[in-house]
Every structure is written in structure tokens, then in C-alpha cells.
2 protein chains.
Amino acid sequence: MPEEIPVPPWRRPKKAPPRMPLTQDRIVDTALGILDAEGLDALSMRRLAQELKTGHASLYAHVGNRDELLDLVFDLVLTEVDIPEPEPGRWAEQVKEMCRSLRRMFLAHRDLARIAIDRVPLGPNGIMGMERTLNLLRAGGLQDELAAYGGDLLSTFVTAEALEQSSRHSGAEQSQEQAGMFADQLHGYLKSLPATQFPNLVHLAGPITSLDSDRRFELGLEIIIAGLVAGAGADDGADDGVRSSAGSTPPES
Amino acid sequence: MPEEIPVPPWRRPKKAPPRMPLTQDRIVDTALGILDAEGLDALSMRRLAQELKTGHASLYAHVGNRDELLDLVFDLVLTEVDIPEPEPGRWAEQVKEMCRSLRRMFLAHRDLARIAIDRVPLGPNGIMGMERTLNLLRAGGLQDELAAYGGDLLSTFVTAEALEQSSRHSGAEQSQEQAGMFADQLHGYLKSLPATQFPNLVHLAGPITSLDSDRRFELGLEIIIAGLVAGAGADDGADDGVRSSAGSTPPES
DNA sequence: ACCTGAACACCGTTCAAGT
DNA sequence: ACCTGAACACCGTTCAAGT
């Protein structure tokens, strides 16, 4: 290929304007960059405009408002989530893999769980993700209603767990030590409670404070998947989709 | 009873100052009132001070900052939640009753789910609630780790479900019609997708959009409780606390 | 000891005016 | 058509000064 002929400097301002044009993609990319580096509170329209070397009012030509911007950022990162094609005999494991991939995405982007928690992902990537999620869940034999709701429940769970993990070390900057510090303090506090009034908290102070984020996540995943499986075969009789559990009494009616 | 002798007006300013003194309780009560009536975004320190007929800077003598105020509001409403004493043979039903009571609390206070979602309830009423929750969960035979985490999982679920229900009709003011409108629109949109690319969304457009909040809540509750029950008996062998589900492959290691 | 006014350093959004 | 400056109507928090 022939090399590009250098443009004479005196006409450069016209051909290549010093600022590349503002586009929605550039705005959303930059927003994600600020989010990763400085968190949601730092992501103001003014800060974003400054990063893009433009006036903050200019952004409104491309994004509507801040909330819509966050919708776009959320949909963008959804490309990072892997949702497997169903393979026979690996259903539960594949559901876990999907949830772990979603979790990894959250942990890779500071404060993204805060953005996701009260948003329904209806952007192009969100819709694509829903389709693939439903495809996987139905491959496990879940009836329609359970498949439709199961995806919601799983993603809500993953988001909430990521939110709680990130908010744990949000007070200060340290990520792991701070979490441990807090757990130790809480453990001491729980142990110090009067055992007559709080026998369960005193007894369970250990388990309550020793569960780390990974363990909590895997435990919750097991519980929800077990619950879905328990409901999967219940096409017979019950109008419920989930079989009544051991330990429950018959319905009062 | 003798009637009160009227105080001469010229000395009233001294005995009964026109403003009752600012206390933390009065601040928190008033904050909850604003929340119920106008929502979280309206609850600013300035708006709150105005309601209390004082300067906004005065609040900081009693509450630290806005975040701490929200902690206090959250702990206050926790008094409204009923957590039953365990009764034999009614475990699953009692767990449901507890979750429904928590949900009712959320639905009674606008935007409270937004406050609760990233907060660990460590105020006096929160601690009390944890103790009673653990007491109930353990009565169902849940091992320590599962009891400790199960309470968290259930309350996260209830909070997230309340959050999603309240954010559904947050765009406008209507509460029920708006939700139905949105569901109808979404249903039409999903049905209109190309069936070759989105077979599952097209097929499940009905179940996805027809699940109302109550149904979603009861369904999720069933799933989680079934999952907890499935793990309850698994003391034997597995280091997991939850038995591996049907459909899963053996662990890779 | 408790409360206040004023100030500081920010926000999101709109809109007339420019190029 | 796209971008800008200036303005509007707000924020949470701090702090010296008052009573």
C-alpha cells in the first residue's frame, strides 16, 4: 500500500478538525471508561463532556438524558456475557456458567450492578440475551411460565449479589482487606450480643460472617437451580409450576 | 379536670417555644412522611428542613448525613415486619408469611425498596429481625450455613421484587393501568420479532408479559423455598449444603 | 449546646444564539 | 444540523458566627 501523503499543515484544520465528531457511540464508550475508573457518582454529564472536550449541553443532542445514557452503557456491556448453546446432559452446569459469566461482567465494571438493579435490559443486546437465556432454560425442561420467570430470577440474583459485593468495600478504597475487617468487626459484635436474647445470632456469628462473596454466589445459585428443577416436573395437577415443598402444610382453603 | 389556665401571651414565647425542639426521631419520622408522599428524589435535606421549619444545616447536628438518615428510616419501618414464632409442621408456610409481611412493608412505603437494596439492616430493628429470621429458618432443619445465607437470599429476593414492581410504574403516576399498558406494548413488540431469530421470545411473549407482580412473587418464593428444602437434608458427604440437582454433570475436578 | 446564614462546589436540563 | 454559553432550579456538606 502507498503511504499516505502528509497533509500541508495550513489546510489540516479543515480536513481533519481537531475534535472528532460527537457520536452516541463515542459518548457511551467514554461513559463506560469513566464508570470503570471512577464509579457511578463521578459519571456526571459535565464530567463526561469534559472528557470528550465539549460542552455538557452538547451531549443532549445524542442521548436524551442521563438515564438513557445509563441504559446504553448497560446494553453495551451485555456483549461481554456468554450464554451457552444448550448441550444435552449439562443443563445445570450450563446455567451456572451463564450466571458466572454475568457475574464476571459485573465485577469487571465498577458500579454496573447499581445501574442494572432497577433496569430491564430491553436494548438490542438485552433482547438477544433474553432469547438465548430462554433457549437454555427451556432445554432443561422448564415449562413456559417457569422458563419466563426463571431467567428474571437468576439475573436478579446475580445482580443483587454483585451489588452487595461491590457495596461492601465502597466506603473506603481497599477491596479485600476492608471486607475482611468489616467481617471481623461484625463477628465480634454478634458474639458480644446477649445470648439469652439473641441465641441464633450468637450461635451463627461464624457462618454469617465467614461466607465470602464466591461462596455466597455459588450457594445461592445451587438453591435457585434446585428450586427450578423441583418445579420442572410438576406439570401434573398443581396449578403452580412448583411442587409444594416438604415441611409445608396443605393449603388452608 | 380543671381547665388549663391560659398563659398570658407576653410570656408564651418563653414557656412554649413556637418550634418544638429538633430531635432525631422527629427528623426520621418526617423523612418517612416525605418519602411516602413524594418519593426518594423529593427527600432532600433542604426539603426535609423546610418541612421541619428549620435551616437545612441544623439537621446535621442530629443525623450525620443523608445516607445515615436513610439507614434510620429503613430501621424504623422494619418494625412493621412480622416474623412468626416457629410452629411445628408449618415451616414453609411461615417462611412465606414472613416474606409476604416484608413485601407488604415495601409496598406501603414508596421507594423504600430503593433504599433497602444496597443496605445491610444493622440497626436495632434489623438485628432483631435477623435473630427472629434465623430462629424460623433453623426450625425448618436448615444447617447453619444454609440458615445464615437463606435469610439473606430471601430478603434480597423480596427487596428486588418490590423494587422491580415499584419501578415499573415510576415513569408516570398511574399505578395499575400503566403497568398493563407497558405489558401490552411489550407483548406486541415481542410478538413482532422475527420468529427465526427469536423463536423463544415469540413463543413465550405471553408468559413473559402476563405474569403480574403477585404471581412473580409467589413463584419466586416457591422456587427459593424448594431450593432451601432440597439442601436441608444434605448433611451427608457433599461439602455443599445443597444437593447437586438433576440434570447436572459430575464436577469436573 | 444548639441553631443559623452564607458559602462552597457541585448537579441535570433547557434554550436562545451562534456557526 | 450541530454545537455552545449562559441561565435555571436545584443538590449535600461545612463552618464561622450567633443565641
Side-chain angles (χ1 to χ4, degrees), chain A residues 11-28 30-32 34-35 37-74 111 114-115 118-119 167 170-172, chain B residues 11-28 30-32 34-35 37-74 111 114-115 118-119 167 170-172:
Chain A
R11 53 184 308 249
R12 218 182 306 168
K14 254 202 173 146
K15 291 216 76 162
R19 303 159 183 200
M20 44 190 308
L22 215 47
T23 63
Q24 186 174 275
D25 280 356
R26 223 157 69 78
I27 291 173
V28 175
T30 308
L32 180 58
I34 294 175
L35 207 58
E38 303 171 47
L40 183 57
D41 294 338
L43 179 53
S44 68
M45 299 302 273
R46 291 165 133 96
R47 174 80 181 72
L48 178 55
Q50 173 194 310
E51 202 75 10
L52 289 159
K53 293 175 198 311
T54 185
H56 55 273
S58 304
L59 302 173
Y60 290 89
H62 301 92
V63 293
N65 56 41
R66 186 171 186 263
D67 199 60
E68 195 182 297
L69 170 68
L70 297 182
D71 278 345
L72 294 168
V73 171
F74 184 29
D111 283 343
R114 273 171 69 191
I115 293 176
D118 54 1
R119 241 163 263 272
S167 77
S170 81
Chain B
R11 54 183 310 248
R12 219 183 304 170
K14 257 210 171 140
K15 290 216 78 164
R19 304 158 182 198
M20 46 190 305
L22 215 47
T23 64
Q24 185 173 277
D25 281 355
R26 223 157 70 79
I27 291 173
V28 175
T30 308
L32 181 58
I34 294 175
L35 208 57
E38 303 172 48
L40 183 57
D41 295 338
L43 180 54
S44 69
M45 299 302 272
R46 290 166 133 96
R47 174 80 182 72
L48 178 55
Q50 172 194 310
E51 202 75 10
L52 288 160
K53 292 177 198 310
T54 184
H56 55 272
S58 303
L59 301 173
Y60 290 88
H62 300 92
V63 292
N65 56 40
R66 185 171 186 262
D67 199 61
E68 195 183 300
L69 170 68
L70 298 181
D71 278 344
L72 294 168
V73 170
F74 184 29
D111 283 343
R114 273 171 70 192
I115 294 176
D118 55 0
R119 240 163 264 272
S167 76
S170 81

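Throughout, protein chains are lettered first and strands after them, A, B, ... in sequence-line order, and every chain is numbered starting at 1. Just so you know, these numbers use all the heavy atoms, side chains as well, and skip hydrogens, waters and symmetry mates.
Using a 4.5 Å cut-off on side-chain heavy atoms (C-beta onward), B/Glu38 and B/Leu43 make no contact.
The separation between A/Lys53 atom NZ and D/dT4 atom C1' is 17 Å, rounded to whole Å. Going from atom CZ of A/Arg46 over to atom P of D/dC11 covers 15 Å, rounded to whole Å. At whole-Å resolution of the value, CD1 in A/Ile34 and P in C/dC11 are 11 Å apart. Atom CG in B/Asp67 sits roughly 12 Å away from atom C1' in D/dG12 (whole-Å rounding). A straight line from NE2 of A/His62 to C1' of D/dT4 spans 13 Å, rounded to a whole angstrom. Atom CD1 of B/Ile27 and atom P of D/dG12 are 14 Å apart (whole Å). The interatomic distance linking A/Tyr60 (OH) with D/dA1 (C1') rounds to 20 Å, in whole Å. The interatomic distance linking B/Gln50 (CD) with D/dG12 (C1') rounds to 16 Å, in whole Å.
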Salt bridge (Lys or Arg N to Asp or Glu O under 4.0 Å) assessment of A/Arg119 paired with A/Asp67: CA-CA 10 Å; A/Arg119 241 163 263 272; A/Asp67 199 60; 3.3 Å; yes
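Residue A/His56 places its side chain closer to C/dT13 than to any other of D/dC11, C/dT13, D/dC3. The nucleotide whose nearest atom lies closest to any side-chain atom of B/Ala57 is, among D/dT13, D/dT14, D/dC3, D/dT14.
Nearer to the 5' terminus of DNA chain C, by closest-nucleotide assignment, is the contact made by A/Asp41 (compared with the other of A/Asp41 and A/Gly64).
The main-chain N or O of B/Pro21 is found under 3.5 Å from a side-chain atom of B/Arg26 such that the two form a donor-acceptor pair.
Rounded to a whole angstrom, the distance from the P atom of C/dA9 to that of D/dC10 is 22 Å.
Between A/Thr54 and D/dC3, a side-chain N or O to OP1/OP2 separation shorter than 4.0 Å is absent.
What you find for B/Thr30 and B/Glu51 is that their closest heavy atoms are CG2-CG, 3.6 Å.
Across all strands shown, C/dT13 forms a Watson-Crick or G-U wobble pair, both distances under 3.5 Å, with D/dA7. When both pairing distances are held under 3.5 Å, C/dG18 makes a Watson-Crick or G-U pair with D/dC2.
Put simply, the residue from B/Leu32, B/Leu48, B/Thr54 that forms a side chain to side chain contact (heavy atoms under 4.5 Å, CB included) with B/Ile27 is B/Leu48.
Backbone-only contact: A/Ser44 has heavy atoms under 4.0 Å from sugar-phosphate atoms and none from a base.
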